[in-house]
Amino acid sequence: MAVRHRLIKASPARVWEVLSDGTRYAEWVVGTESSRPVSGQWPQQGAAIGYKVRLGPFRVGNETVVRRCQEGSVLELEAAAGVLGTARIAIELREWGEHCLVIVDEHPLQGAGGTLHNVGFEALIQLRHRAMLARLARCCEDGSVDGEPSRGRSGREHRSGGEGIAHA
């Protein structure tokens, strides 16, 4: 199981604001080029967002579904990764003084990802999580005041750079 944490110099409310905006998913999820709501009201249980991953000249679409949500503190997602199957990604927010400790816990659920899961695969997930948490920190620490909009919050499909492996 890949578990990683990062102290983000923003309040838990500010971090939750970013996580709970499905149009910003592509800003912080490594490898995701664009995201858009598919069903439900993100991040309520059962809500889904679709996203695209760019692999060279090709774009592959996948979907992430909210499986558990505790407003302001816990977001558990099931992310589809094409032929690799699905993965459970749990994101926990903890108040840490005036900042937020973000803990990400990920493991494969279904498909080839579970079969291929080994120490090398864990190392790749750890690298992706390091980049993902750095991107999330940039989204939350960008100088916006809690509760005020920041860049990329237009309600339209958001596009971001597509580096790395995709899914939450």
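If you're wondering where the values come from, they're calculated on a predicted model, not measured in any experiment.
Ion pairing of D105 with R4 is absent here, as no side-chain N (NZ or NE/NH1/NH2) approaches a carboxylate O to less than 4.0 Å. The pair R14-E141 fails the salt-bridge criterion, with no side-chain N (NZ, NE, NH1 or NH2) lying under 4.0 Å from an Asp/Glu carboxylate O.
Contact record, V66 with P43: CG1-O, 3.2 Å, taken as the closest heavy-atom pair. For A2 against H129, the heavy-atom pair with the smallest separation is O-CE1, 3.9 Å. Minimum heavy-atom separation, R6 to A134: NH1-CA, 3.4 Å. Smallest separation of non-hydrogen atoms from I49 and P37: CG2-CA, 4.0 Å.
The OH atom of Y25 sits 5.5 Å away from atom OG1 of T32, with the distance rounded to the nearest 0.5 Å. Within the model, atoms CD of Q45 and CG of L75 stand 11.0 Å from one another, a figure rounded to the nearest 0.5 Å. Annotation: the span from E76 atom CD to R88 atom CZ amounts to 4.5 Å, rounded to 0.5 Å. Taking CH2 from W28 and CE from M132, the interatomic distance works out to 6.0 Å, rounded to the nearest 0.5 Å. Distance check, rounded to the nearest 0.5 Å: CG of L19 to SG of C140 gives 6.5 Å. Annotation: the span from C69 atom SG to W42 atom CH2 amounts to 9.0 Å, rounded to 0.5 Å.
By the 6.0 Å contact criterion, CD on Q70 is enclosed, its count of non-hydrogen atoms from other residues, nucleotides or ligands being greater than 12. Few gaps surround NE2 on H99; more than 12 heavy atoms of other groups in view lie less than 6.0 Å from it.
Proximity of a side-chain donor or acceptor of R135 to a complementary backbone N or O of E27 within less than 3.5 Å is detected. Under the 3.5 Å distance criterion, the side-chain polar atoms of S11 are left unmatched by any main-chain donor or acceptor of C100.
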Do L77 and V65 pass the side chain to side chain contact (heavy atoms under 4.5 Å, CB included) test, and can you show the C-alpha distance, the side-chain angles, and the key distance before you say yes or no?
CA-CA 6 Å; L77 309 170; V65 178; over 6 Å; no

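W96 is not listed as a side-chain neighbour of I8, based on a closest heavy-atom distance of 4.5 Å or more. Two residues are said to be in side-chain contact when any heavy atoms from C-beta on lie closer than 4.5 Å; I103 and V3 meet this criterion. Contact check for E33 versus Y51: no side-chain heavy atoms found under the 4.5 Å cut-off. The shortest side-chain heavy-atom distance between L136 and V102 falls under the 4.5 Å cut-off. Under the 4.5 Å side-chain criterion, counting only non-hydrogen atoms from C-beta, L101 is in contact with H5.
With no hydrogens or angles considered, a side-chain donor-acceptor pair links E78 and Q110 at under 3.5 Å.
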